[in-house]
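Please read these numbers as outputs of a predicted model, since none were measured by experiment. Below, read A as the first sequence line, B as the second, and so on, with proteins coming before strands; counting in each chain starts at 1.
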2 protein chains.
Amino acid sequence: MDVQRLELLRELADRGSVTAVALATHRTPSAVSQQLKVLEREAGLPLTQRQGRGLVLTSAGRALARSAADVAVSLAKATALWDEFRNHASGEVSLVTFPTAGQMLLPGVIKILGPDLLLNCADEDPELSDFPAFTAEYDIVLAHSMSGQLSWAGRGLTVVPLMTEPLDVGLPVGHPLSDRAWVGPRDLIGETWIGVTDGYPFERILHAIEQEAGARLSMSQRFADLALIESFVIAGLGIALVPRYTSGGGQPGRLVLKPLRGIESQRQIVALMRPDRAERLAVRTVIQALQSEAAKVEQSHSTVTAR
Amino acid sequence: MDVQRLELLRELADRGSVTAVALATHRTPSAVSQQLKVLEREAGLPLTQRQGRGLVLTSAGRALARSAADVAVSLAKATALWDEFRNHASGEVSLVTFPTAGQMLLPGVIKILGPDLLLNCADEDPELSDFPAFTAEYDIVLAHSMSGQLSWAGRGLTVVPLMTEPLDVGLPVGHPLSDRAWVGPRDLIGETWIGVTDGYPFERILHAIEQEAGARLSMSQRFADLALIESFVIAGLGIALVPRYTSGGGQPGRLVLKPLRGIESQRQIVALMRPDRAERLAVRTVIQALQSEAAKVEQSHSTVTAR
DNA sequence: TGCATTGTGTAGATTGTCTACATGGACGTG
DNA sequence: CACGTCCATGTAGACAATCTACACAATGCA
């Protein structure tokens, strides 16, 4: 019945513990517990269940939480509407990004938005690409996935595609392959590779190369940080798969990029949001800025390669 | 921001005055006024405007009220969901009907529903067919309209069609036309008519008859109550247009019905609801009962005429 | 000019929600 | 196996929000 309480249930579904909900909503755990108790009494059936020292939702609880999300969406639409009437996007917007996307998009976005809209950015290196979990904490989550791989569909999150970035093969200057216009899977066998940490999405493409070429790649190192990988490549210690638009930032001209043919080699960069937050006017404004900046980046590179 | 306040604004849009809202929500007008004031302060722009001694919404106010309706709908969906979990349609349902529909459908509906679901019925003779106004007061409004005439579309109301009832020409026993299988517009010229009160929907069909036959009908009396009209017809004082399924209730066999050909002569019987109320499980249950009872009535008459 | 009606202020009561603190169970560890 | 930690949940009181009761101003109607 009461929206505040429903919202609390929804937060519990998202965050998994009463204390986390309390922390997120600036309340004491006791207050949260009491409100959930009231909700349960009103509902007339158990919504939560103790499990160990924690608390999990019953199936009824999950169902209610899901419809609570719908309520939150329509409520956010209402406040967005009146923000539009005032021409004033209220509140601040928080955003997490993985490093390369931030480096590529955020400076331009901040310039587009101007000083009126406060955008709080953070970067986070998602070890196991658990991007969706961040949507509880941040309004917008910049995430990347391989094309066709919808790893975060069906969780009830809003997904806005921003751009697709090709993944090229990065070579040191003077490498035997560096005078080629492009390279294929078979060209890459026998090379020493600088790989990414296990579980990173690039790995799928490396596997695809092995599959296509019918041989294993020799992986000398595994790093998570892209700048580190590049410095190894530049130093001649191996070659690596690198995103086209964000490579060679530190030492321009010392890293050679070659398109990879014969394999779908690109990543999707998307914005992930909880649906209610996606309705906020301020959030929508930031998303629009992200989209136009992404288009700008894609365009500027396509004209470069067209030369 | 606050749902309660939004709901108040929505009620104001529906009912048009603070006192009416106060009455409907079991509050004092002062409380309503204060809450609206708070909402306006939060919104940052005027939502209402004085007009005479009353209050009207500004365009911003209307827009907010409309999105408040969406919030109410999703909230109603949530409570309906948990009603389904408990298998218990909560609350009572109120219903208004015009007399003939009530006589035709309600006894059967009450039987279908059984004693668990409280259905509060009332009848109301809608002088100028202002059915939509009743949706503020009642959960379900049974209304009728001529076919094709969507007099209550676009007001944001939920409309559920229940049945279409043919309108026949009612004759006294022994009338010259009473041995015909059907009658056409031209047969009806020169007869004395018992008409309906001005503004009633049947009137359109009488006009259509005049148009088709190219002559005016002589209208000796004008009544609102159908039973009264019928008694006049039976007494041989004239003929009249009467709904097929609900005629001759009082004096069976003394009223002869003839289908009217050459003119679309039927009325739609529909249920009107505010969209949020339409979501309630209890309301949906009643609607289903109405639909099945309406189908039953239609079916039983079609087999009779097939004999 | 009364008189009813409409919306709105003010003061105080009432209700509901939150915090602070204490309790009890579940888990891991020395 | 006792110990500390973590988590959810009770209890009592503080606090905030909302409502009622009443008074008042403005408008429209007889």
Thr97(B) versus Gly102(B), closest heavy-atom pair with distance
OG1-N, 3.2 Å
Would you please name every residue forming a side chain to side chain donor-acceptor pair (under 3.5 Å) with Thr285(A), sequence neighbours left out?
none
Where protein sits on nucleotides 18-24 of chain D, one letter per nucleotide: B base, S sugar-phosphate only, - none, heavy atoms under 4.0 Å
SBBB---
Is there a side-chain contact between Lys37(A) and the phosphate of dA8(D), meaning an N or O under 4.0 Å from OP1 or OP2?
no
Spacing of Arg15(A) atom CZ relative to dC7(D) atom C1', expressed in whole Å:
17 Å
Leu39(B) CG - dA17(D) P separation (whole Å)
16 Å
Output, in order, the C-alpha distance, side-chain angles, deciding distance and verdict of salt bridge (Lys or Arg N to Asp or Glu O under 4.0 Å) for Lys77(A) and Asp70(B).
CA-CA 9 Å; Lys77(A) 270 185 188 161; Asp70(B) 292 342; over 6 Å; no
When you list every nucleotide of DNA chain C with an atom under 4.0 Å from a heavy atom of chain B, which one comes first 5' to 3', and which comes last?
dA4(C) to dT10(C)
Does Leu119(B) form a side-chain contact (heavy atoms from CB on, under 4.5 Å) with Ile110(B)? I'd like the steps, not just the answer.
CA-CA 8 Å; Leu119(B) 179 61; Ile110(B) 301 275; 4.0 Å; yes
Could you check Gly52(A) against Ala20(B) and say which one's nearest nucleotide on DNA chain C is further toward the 5' end?
Ala20(B)
Report the residue from Ile287(A), Val141(A), Leu157(A) that forms a side chain to side chain contact (heavy atoms under 4.5 Å, CB included) with Met273(A).
Ile287(A)
Please indicate whether Glu84(B) has more than 12 foreign heavy atoms, meaning atoms of other residues, nucleotides or ligands, lying under 6.0 Å from its CD.
yes
Check for a donor-acceptor pair, side chain of Asp14(A) on one end and backbone N or O of Ala136(A) on the other, with a separation under 3.5 Å.
no
Length of the line joining Arg53(A):CZ and dG4(D):P, which is rounded to integer Å
16 Å
Give the rounded distance in Å between these two atoms: CG of Leu47(A) and C1' of dA8(D).
16 Å
Could you tell me which non-hydrogen atom of Phe223(B) sits nearest to which non-hydrogen atom of Ile229(B), and how far apart they are?
CB-CG1, 3.7 Å
